[in-house]
Number of protein chains: 2
Amino acid sequence: MENNPRHLPADERRAVTVKSVVALAGSQNPSEITTAAIAKHMNLTQGALFRHFPNKEAIWQAVMEWVAERLLARIDRAAQGIASPLSAMEAMFMSHVEFVIEHPGVPRMMFGELQRAEPTPAKRMVQTLIQRYGERLHCLIEKGKTSGELSPTVDNEAAATLFIGTIQGLVMQSLLAGDVARMQIDAPRVFAIYRRGIASAQ
Amino acid sequence: MENNPRHLPADERRAVTVKSVVALAGSQNPSEITTAAIAKHMNLTQGALFRHFPNKEAIWQAVMEWVAERLLARIDRAAQGIASPLSAMEAMFMSHVEFVIEHPGVPRMMFGELQRAEPTPAKRMVQTLIQRYGERLHCLIEKGKTSGELSPTVDNEAAATLFIGTIQGLVMQSLLAGDVARMQIDAPRVFAIYRRGIASAQ
DNA sequence: GCTAAGATAGTAATCAATTACTATCTAACC
DNA sequence: GGTTAGATAGTAATTGATTACTATCTTAGC
């Protein structure tokens, strides 16, 4: 099963590094992950990491690039082919939650990165990720209004903010309970309230 | 205006320390605040801090105690004397947002503390704060149901989670925009959706 | 003048990053 | 096709900077 040859091509090694950081962030404070811890997790010496990344900042950038790519692909796939905008939003929501359950460290890394004072490459990547996320939401909300599923009085920006905040709230609850899987059960319950908040009255 | 005598009684010095941490957290990543930075901000040498706190952990604990006391007092005062449970929730929401605007570092410290792996005293303080916050919400939601203002089908737990998540979403937006004051404008817009999600149909 | 509070000047530990060296893979060449 | 030279990837030890924390000396204030 476990097959980890000592030598790996550079691109594969970088991929393993990213996965290691994501895994570590699932069980410890992302800001406290050291290069030594990353190396240990992937059975490598600490110095070897810097053969593949110029510095630690570059590692975090690579991680956030991986996150952005995977998350957007996931929500796009979830919404694909669903005619009803509201149902598409719900599918997006649930697939996002599933992604977070698979990778609990991700939202914590994102939030941690956002509150950096300096605009690091990783922070910028998070910003563009959320921007693109918002574009998809705005599109669906507009479609929902024209289709009549959403109330015409809905405040688009506020609805997008609350959509993401809803997930953030679930993450916080899971941190409080120390139980990530609970999100799976709580997510539909919370989304039901959100749905009621934006849907047109039957 | 500025009156800072070199020598201060211990309790006053501790209070100044807490305020300094809260202020610093407003403009930089809370997890990167060093004891040296705290001391510099209050015109003190780094070593002198340890005359008043046994270690850094104790400083953070004191900060979170301050936060818990102030925030709960604030929302209690806001809800006080408001007959309508929904209006009380809105007042609570807005006073919480105001508190965050005054102290932007607070929600970031709280979230950062929650995702610590080890159960530090500060983390436990955050947990009990949110627990008490939740009690107040549950109480209002129940009252809202009996008064008929809230839909009888509302999921209490989900509603409480979403209430806090709504604020978390606003905080994230303010981090993205780099503009805390925007929350003042966005808050009522976002709460309107939440309100619609839990209120009984007209 | 005694005590609480602060300054000064450390210590030990930790961290990212670098260095000199070694192992392994790959491809050119006879 | 086997040998070898160069490129790639990894090790182990070390560096300088930073950190929380402490020991010792100094001073302000009742």
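Quick caveat, the model's predicted, so the values are computed rather than measured. Chain naming here is simple, since letters A, B, ... match the order of the sequence lines and numbering starts at 1 in each.
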Query raised in the report: When the nearest nucleotide of DNA chain C is assigned to A:Thr34 and to A:Arg51 on a heavy-atom basis, which residue is associated with the more 5' position?
Result: A:Thr34
Just the rounded figure in Å: distance from [atom2] of [N] to [atom1] of [X].
X	N	atom1	atom2	answer
A:Asn55	D:dT15	CG	P	22 Å
B:Leu49	D:dA20	CG	C1'	11 Å
B:Phe53	C:dG6	CZ	P	12 Å
A:Leu8	D:dG10	CG	P	6 Å
A:Asp11	D:dA9	CG	C1'	12 Å
A:Lys40	C:dT14	NZ	C1'	15 Å
A:Ile38	C:dC15	CD1	P	12 Å
A:Lys56	D:dT18	NZ	P	15 Å

Report task. Write down the atom of A:Ser147, the atom of A:Gly144, and the distance for their closest heavy-atom approach. Result -> OG-O, 3.2 Å
Report summary line: Smallest heavy-atom separation, B:Pro30 atom then A:Gln115 atom, equals CD-NE2, 3.6 Å
Any side-chain N or O of [X] less than 4.0 Å from the OP1 or OP2 oxygen of [N]?
X	N	value
A:His52	D:dG10	yes
A:Arg13	D:dG10	yes
A:Thr45	D:dA12	no

Report task. Please step through salt bridge (charged side-chain N to carboxylate O under 4.0 Å, His left out) for the pair B:Arg132 and B:Glu135, ending with a clear verdict. Result -> CA-CA 5 Å; B:Arg132 286 187 194 152; B:Glu135 285 165 12; 5.8 Å; no
Query raised in the report: Within the structure shown, what part of the strands sits under 4.0 Å from A:Leu44 by heavy-atom distance: base, sugar-phosphate, or nothing?
Result: sugar-phosphate
Query - Among C:dA16, D:dT11, D:dA9, the one nearest A:Ala10 by side-chain distance - result: D:dA9
Report task. Compare the minimum distances between each of D:dC21, C:dA16, D:dG10 and the side chain of B:Phe50, then state the nucleotide with the smallest one. Result -> D:dC21
Query raised in the report: Quick one: does B:Leu140's side chain get under 4.5 Å of B:Arg136's, heavy atoms only?
Result: no
Report task. Return yes when atom CD of B:Glu102 has more than 12 non-hydrogen atoms of other residues, nucleotides or ligands closer than 6.0 Å, and no otherwise. Result -> yes
Query raised in the report: Taking five pairs at each end of the helix from C:dG1-D:dC30 to C:dC30-D:dG1, what angle separates the two helix axes (nearest 10°)?
Result: 10°
Query raised in the report: Between the base of D:dC21 and the side chain of B:Gln46, is there a donor-acceptor distance below 3.5 Å?
Result: yes
Query raised in the report: How are the rings of B:His96 and B:Tyr133 set to each other: parallel, tilted or perpendicular (split at 30° and 60°)?
Result: tilted
Query raised in the report: Parallel, tilted or perpendicular: which describes the rings of B:Phe163 and B:Tyr194, with under 30° parallel and over 60° perpendicular?
Result: perpendicular
